[in-house]
A.B. asks: 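The structure follows.
Here the structure is a predicted model, which means the values were calculated and not measured.
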Amino acid sequence: MAIHAINVSGSSTSTGSFGAGYIDNKLGIGTTSPDYALDVAGDIGVDEYIYRNGDANTYIQFAADRVKISAGGESAFDYDESSASTLDI
């Protein structure tokens, strides 16, 4: 398998919107030997949701001091640390 470096340029004021692209195989961020379709070696930042493809009501949701996991539209895990700590399972 050939490894091809892709350089994306921007500026310190960029919004991070560089258009769309397609990677045919595996994409490594912080690694030149990805094990999965998307392999991130390091920290990632997520604004709010991680969805399962084709299933909009199965997701992990992040909010300020709160993490929620829902499957099939039902809450499976909900931890809220915003005022009084609550955990619903």
A.B. asks: Membership question, hydrophobic clusters at under 4.5 Å side-chain separation (ILVMFWY): are V46 and V40 in the same one?
C.D. replies: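 Yes: a chain of side-chain contacts under 4.5 Å links V40 to V46.
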A.B. asks: Where do S75 and S70 come nearest, in terms of heavy atoms and distance?
C.D. replies: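 So the minimum-distance heavy-atom pair works out to CA-OG, 3.9 Å.
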A.B. asks: Under 4.0 Å between a side-chain nitrogen and a carboxylate oxygen: does that hold for K68 and D80?
C.D. replies: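 Looking at D80 together with K68, the answer is no, because their closest N to O distance does not fall below 4.0 Å.
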A.B. asks: Could you tell me whether the side chain of T31 and the main chain of A41 form a donor-acceptor pair under 3.5 Å?
C.D. replies: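 Not confirmed, T31 side chain does not pair with A41 backbone.
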A.B. asks: Are Y36 and I44 linked, directly or through intermediate hydrophobic residues, by side-chain heavy-atom contacts shorter than 4.5 Å (ILVMFWY only)?
C.D. replies: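 Hydrophobic grouping puts I44 apart from Y36.
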A.B. asks: CD1/I50 to CZ/F62 distance, rounded to the nearest 0.5 angstrom?
C.D. replies: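 It is 4.5 Å, given to the nearest 0.5 Å.
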A.B. asks: When rounded to the nearest 0.5 angstrom, what distance separates CD in E48 from CD1 in I60?
C.D. replies: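 Atom-to-atom, E48:CD and I60:CD1 are 13.0 Å apart.
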A.B. asks: First locate atom CG of D88, then atom CZ of F77, and finally report the distance between them rounded to the nearest 0.5 Å.
C.D. replies: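 Nearest 0.5 Å value for the CG-CZ distance: 9.5 Å.
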A.B. asks: Linking I/L/V/M/F/W/Y whenever their side-chain heavy atoms sit closer than 4.5 Å, directly or via other members, would I69 and Y51 fall into one cluster?
C.D. replies: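 Different clusters: I69 never reaches Y51 through Ile, Leu, Val, Met, Phe, Trp or Tyr contacts under 4.5 Å.
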A.B. asks: If every non-hydrogen atom of K26 is compared with every non-hydrogen atom of D35, which pair is closest and at what distance?
C.D. replies: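 Smallest interatomic distance, heavy atoms only, reads NZ-O, 3.6 Å.
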A.B. asks: Mind checking the CD-OG1 spacing from E74 to T58? Nearest 0.5 Å is all I need.
C.D. replies: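 Here the interatomic distance stands at 10.0 Å.
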A.B. asks: What I'd like to find out is whether the side chain of Q61 reaches to under 4.5 Å of the side chain of Y49, using heavy atoms alone.
C.D. replies: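 Yes. Closest side-chain heavy atoms under 4.5 Å.
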A.B. asks: Please report the interatomic distance CD1(I89) to OH(Y79), rounded to the nearest 0.5 Å.
C.D. replies: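 Those atoms lie 11.5 Å apart.
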